[in-house]
Amino acid sequence: MSTSTRDKETAAAALNGSTDRPSNFVRDIVLEDLKTNRHGGRVHTRFPPEPNGYLHIGHAKSICLNFGLAAEFGGKTNLRFDDTNPEKEEQEYVDSIVTDARWLGADWGDRMFYASDYFDQIHAWAVQLVKAGKAYVCDLSAEEVRKYRGSLTEPGIESPYRNRSVEENLDLFERMRLGEFPDGSRTLRAKIDMASPNLNMRDPVMYRILHAEHNRTGDKWCIYPMYDFAHGQSDSLEQITHSICTLEFEDHRPLYNWFIQQLGIFPSQQIEFDRLNLTYTLLSKRKLLQLVQEGRVRGWDDPRMPTLSGIRRRGYTPEAIRNFCAAIGVSKTNGIIELAMLEHFVREDLNTRAPRVMAVLHPLRVVIDNYPEGQVEELEAVNNPEDPNAGTRKVPFSRSLYIEQDDFREDPPKKFFRLFPGQEVRLRGGYFITCTGVVKNDAGEVVEVHCTYDPATRNGNAPDGRKVKSTIHWVSAEHAIDAEVRLYENLFATENPGDVPEGQDFTVNLHPNSLEILTNAKLEPSLAGAMPGDRYQFERLGYFCADLDSKPGALVFNRTVPLRDTWAKIEKREKGKSG
RNA sequence: UGGGCGGUCGACUAAUGGUAGGUCAAGUGCCUUUGGAGCACUUUGUCUAGGUUCGAAUCCUAGCCGCCCAGCCA
């Protein structure tokens, strides 16, 4: 079956309501347009980032919506850079956006465009509006324009330059283009209605003078169109059927439509949805840029950043992000999604695919007193209990091991099932051991735990059928490889980092210890060949991903997300009871 | 106080005049060689007040609350 046939059938199935994909209001609009044959069955969307920062998880929602919708109905999605402000845009951002969008799974074929591709046409349209008496050159300064605009409750006043002749406007606009005037001295404005209750309709600026080198058009232009006079025009040129943007552009829709109507060009339809908000997370390119510039993080791809590059480096998969985006839905309510939702979808994805390994983050030495000195056994460990095809691996076992400090208590609290004096536990993939004693340092801290093992429990079960309440992970001390492990907390300590006390900066909400670097982690030897980007479950701890900084012999792992920790919950609750 | 847009479990989202359902979170139990995963069960909701209707989350009226808009940013 050809792709297009299948796509059409998919579209038909969707039209019949026979798919179980959860709908949303944008999809419903598309469905309705398809039913009424509004665009001849065509669905064409676009993803229009400004190359002034890195893509973040909020953009992922938009990418999934735009590309997902088009794909579902056999349509297309363009990648289009909204590059109308040369002062803020850079090639680095273009490159990162391409990389990140592709990584997420976006496919725009050969349709990667730039608003700047259309500068000639947009300029011609501006001239067209001038000739029609719908636009004029205004000599008011920025400050004057603001004053003349009026306020939320008061109408504006018309610019004294509003009624210049077409000839004069044409001449002036051309001289603006030729660079005869300094930045900010004049603008081209649409002649609409200074009394409109919608401020966007009070003679909005269409073109401003900016003697700035543009990343793509160089010094060809010294006038640049504003968003409002570029975006809809670009949509129209690309015959975009559904131009999906976020809620804050709702007030711009009348203007979007006004330009299209005055110009008599293809009527793309703007539809607004709610942008993503996540607890403990800031999704504002301006603020993320600030974090990078002030060195509060290690860069745009710092694993604590909500950028796609940061999240990727942290170990998230594109599938997890897509599943998350599908689950949160699309609406017009401005809500805030709990970060736990995102974390759920990484765990869900990684659970099925991440190979299990053993790693000890905070090592505590264990000596098995009755295990023969110098003996080494290769125990067979399951790679992934969720995936029978993942097979097994050999893990060396010897007399001296490391276990997690948290897995031993000299004085166990209630409901603590792990190792303590007199207690027997199972070593994951191996023997039962019983704690017989401890060695302390001068400070009274336990530095070594002594145990005996039961040779009859090699396969992890006791022949006499006795049970053990807990299984703990371990690594053989002499075989362990060292690694650096980076643990992350939320970048921000408050649920809504945008809420800032009067007069303060949002950085006051930064989590003081969002990065903890462990330099003494001990890994099982099978990890020696881990390459950057490789993902694992460190058993009982969480999902980890070899960092970009990782090299053979100098491994570095990021904790993507911890495993759900029932014991931590119990302990917290018990402590609350007693304290 | 002008205009625009919204208010459904703790969070997100369905139900488009006809049984308020799903996911996350939380809790309980089962299971378990990860206190993981899985399974089962449970708690909690239609902003308020009127009205229309046999029947309202849905329609009407009036309130209340929240978000966005006064860049020559997007």
Side-chain angles (χ1 to χ4, degrees), chain A residues 22-24 28 48-50 52 82-85 87-89 138 140-142 145-147 149-156 183-189 196-202 204-210 223-224 226-228 230-231 245-254 272 274 279 285-286 324 326-345 347-348 351-352 356 358 381-382 385-386 415-418 426-430 432 457 459-461 468-473 537-542 562-571:
Chain A
S23 200
N24 60 64
D28 290 343
E50 182 189 10
N52 68 341
D82 225 330
D83 57 347
T84 57
N85 185 357
E87 292 181 328
K88 289 186 179 171
E89 295 149 9
C138 180
L140 254 26
S141 69
V145 167
R146 183 173 7 106
K147 281 186 185 147
R149 187 156 30 227
S151 72
L152 292 179
T153 52
E154 297 159 324
D183 287 3
S185 59
R186 286 171 221 260
T187 55
L188 181 74
R189 301 175 68 182
S196 172
N198 180 344
L199 269 44
N200 294 120
M201 301 299 274
R202 319 243 262 227
V205 172
M206 296 164 60
Y207 265 94
R208 77 283 216 185
I209 301 172
L210 232 44
I223 56 172
Y224 292 93
M226 298 287 291
Y227 167 86
D228 286 307
H231 199 95
C245 62
T246 43
L247 251 26
E248 67 269 26
F249 291 102
E250 254 171 337
D251 285 343
H252 293 246
R253 184 164 13 105
E272 312 84 12
D274 62 331
T279 55
K285 280 199 275 185
R286 203 203 92 233
F324 167 74
I328 59 174
V330 177
S331 73
K332 298 189 71 155
T333 59
N334 26 42
I336 185 160
I337 310 260
E338 290 173 349
L339 194 58
M341 181 83 95
L342 214 211
E343 294 181 337
H344 163 79
F345 284 99
R347 290 197 187 99
E348 181 187 69
N351 177 46
T352 61
R356 308 294 115 134
M358 289 196 283
V382 172
E386 299 294 319
K415 295 184 181 170
F416 183 86
F417 301 149
R418 281 110 94 143
R426 174 166 39 231
L427 258 14
R428 177 69 165 155
F432 285 13
T457 57
N459 67 357
N461 287 303
V468 100
K469 295 196 83 172
S470 168
T471 300
I472 66 174
H473 62 278
Q537 183 194 104
F538 288 1
E539 289 219 43
R540 302 209 308 130
L541 297 175
L563 249 28
R564 290 187 53 165
D565 190 345
T566 306
W567 164 241
K569 251 180 238 172
I570 295 169
E571 192 181 30

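Numbered from 1 within each chain, the chains take letters A, B, ... in sequence-line order.
No donor-acceptor distance shorter than 3.5 angstrom exists from the side chain of A/Thr471 to the backbone of A/Arg426, with no hydrogens or angles considered. No donor-acceptor pair closer than 3.5 Å links the side chain of A/Arg208 to the backbone N or O of A/Gly184. Put simply, the side chain of A/Asp274 never gets that close to the backbone of A/Asn334: no donor and acceptor are under 3.5 Å apart. Here the side chain of A/Asp228 pairs no donor or acceptor atom with the backbone of A/Val205 at under 3.5 angstrom.
Base pairing analysis places B/G27 opposite B/C41; the two distances defining the Watson-Crick or G-U wobble pair are each below 3.5 Å. Base pairing of B/G2: its partner is B/C69, meeting the Watson-Crick or G-U wobble criterion (both donor-acceptor distances under 3.5 Å). With both pairing distances under 3.5 Å, B/C12 is matched to B/G22 as a Watson-Crick or G-U wobble pair. Nucleotide B/U34 forms a pair with no other nucleotide shown, judged by Watson-Crick or G-U wobble geometry with both contacts under 3.5 Å. In this structure, B/C64 and B/G7 make a Watson-Crick or G-U wobble pair, each of the two defining distances being under 3.5 angstrom.
The CG atom of A/Asn85 sits 12 Å away from the P atom of B/C72 (whole-angstrom rounding). Summarising the geometry, the separation between CG on A/Leu199 and C1' on B/C73 is reported as 16 Å, rounded to the nearest angstrom. Protein atom CG of A/Asp251 is 19 Å distant from nucleotide atom P of B/C73, rounded to whole Å. The distance from atom CD of A/Glu89 to atom C1' of B/A74 is 9 Å, rounded to the nearest whole Å. Rounded to an integer number of Å, the gap from NZ of A/Lys469 to P of B/U34 is 15 Å. When rounded to the nearest whole Å, the span between CZ of A/Arg146 and P of B/C69 equals 16 Å. For the pair A/Glu343 CD and B/C12 P, the computed distance is 17 Å after rounding to whole Å. The separation between A/Glu348 atom CD and B/A37 atom C1' is 11 Å, rounded to whole Å.
Between A/Lys569 and B/G27 there is a side-chain N or O to OP1 or OP2 distance below 4.0 Å. For B/A74, the OP1/OP2 oxygens have a side-chain nitrogen or oxygen of A/Arg208 closer than 4.0 Å. Phosphate proximity of B/C24 to A/Arg564: absent, as no side-chain N or O sits under 4.0 Å from OP1 or OP2. At the phosphate of B/A37, neither OP1 nor OP2 sits under 4.0 Å from any side-chain N or O atom of A/Arg347. The side chain of A/Arg149 places an N or O atom within less than 4.0 Å of a non-bridging phosphate oxygen (OP1 or OP2) of B/G71. Contact check, A/Ser196 against B/G3: no side-chain N or O comes under 4.0 Å of OP1 or OP2. Between A/Thr566 and B/G36 there is a side-chain N or O to OP1 or OP2 distance below 4.0 Å.
The CZ atom of A/Arg202 lies 6.5 Å from the OG atom of A/Ser196; values are rounded to the nearest 0.5 Å. Put simply, CG on A/Leu427 and OG1 on A/Thr457 are 9.0 Å apart, with the number rounded to the nearest 0.5 Å. To the nearest 0.5 Å, the span separating CG on A/Asn52 from CD on A/Glu89 amounts to 6.5 Å.
Candidate nucleotides B/A74, B/C24, B/G35 were compared by shortest atom distance to the side chain of A/Glu248, and B/A74 ranks first. When distances run from any side-chain atom of A/Met226 to the nucleotides B/U34, B/G71, B/G27, the shortest one goes to B/G71. You'll find that the side chain of A/Thr153 is closest to B/U1, out of B/C73, B/G35, B/U1. Residue A/Met341 places its side chain closer to B/A11 than to any other of B/C69, B/C72, B/A11. When distances run from any side-chain atom of A/Phe416 to the nucleotides B/G35, B/C69, B/C73, the shortest one goes to B/G35. The side chain of A/Arg356 has B/U34 as its nearest neighbour among B/C72, B/A70, B/U34. The side chain of A/Ala340 has B/C24 as its nearest neighbour among B/G35, B/C24, B/C72. Among B/A14, B/C72, B/G36, the nucleotide with an atom closest to any side-chain atom of A/Glu386 is B/G36.
For the P atoms, the distance linking B/C67 with B/C73 amounts to 27 Å, nearest Å. A distance of about 26 Å separates the P atoms of B/G36 and B/U44, rounded to the whole Å. As rounded to the nearest Å, B/C59 and B/U46 have C1' atoms that lie 15 Å from one another. Of the P atoms belonging to B/G6 and B/U58, the separation is 16 Å, rounded to the nearest Å. Distance check on atom C1': B/G21 versus B/C9 gives 11 Å, rounded to whole Å. As rounded to the nearest Å, B/G55 and B/G17 have C1' atoms that lie 8 Å from one another. On the P atoms, B/A25 is 9 Å away from B/A37, given to the nearest whole Å. Annotation: B/C65 and B/A70 have their P atoms spaced 23 Å apart (nearest Å).
You won't find any donor-acceptor pair under 3.5 Å spanning the side chain of A/Asp565 and the base of B/G35, going by distance alone. A donor N or O paired with an acceptor N or O is not found under 3.5 Å between the base of B/G4 and the side-chain atoms of A/Arg253.
Taking the nucleotide of RNA chain B with the nearest heavy atom to each of A/Gly430 and A/His344, the more 5' of the two is matched to A/His344. Comparing A/Asn24 and A/Trp567, the nucleotide of RNA chain B nearest to each residue sits closer to the 5' end for A/Asn24.
By the 4.5 Å heavy-atom criterion applied to side chains, A/Arg540 and A/Ile472 are counted as neighbours.
A/Leu140 comes within 4.0 angstrom of a base, heavy atoms only. Residue A/Pro155 is out of contact with every strand shown, counting any heavy-atom pair closer than 4.0 Å.
The pair A/Glu50-A/Lys88 fails the salt-bridge criterion, with no side-chain N (NZ, NE, NH1 or NH2) lying under 4.0 Å from an Asp/Glu carboxylate O.
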Pick out the pairs of N or O atoms, protein on one side and nucleotides 6-10 of chain B on the other, that lie under 3.5 Å.
residue: B/G10; atom: N2; partner: A/Glu338; partner atom: OE1; Å: 3.0

task: Evaluate the criterion side chain to side chain contact (heavy atoms under 4.5 Å, CB included) for residue pair A/Gln537 and A/Leu563; output intermediate values, then yes/no.
output: CA-CA 9 Å; A/Gln537 183 194 104; A/Leu563 249 28; 3.9 Å; yes
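When all heavy atoms of A/Met341 and A/Phe324 are compared, the closest pair comes out as CG-CE1, 3.7 Å.
In this structure, B/G71 shows a glycosidic angle within 90 degrees of zero, which is the syn conformation.
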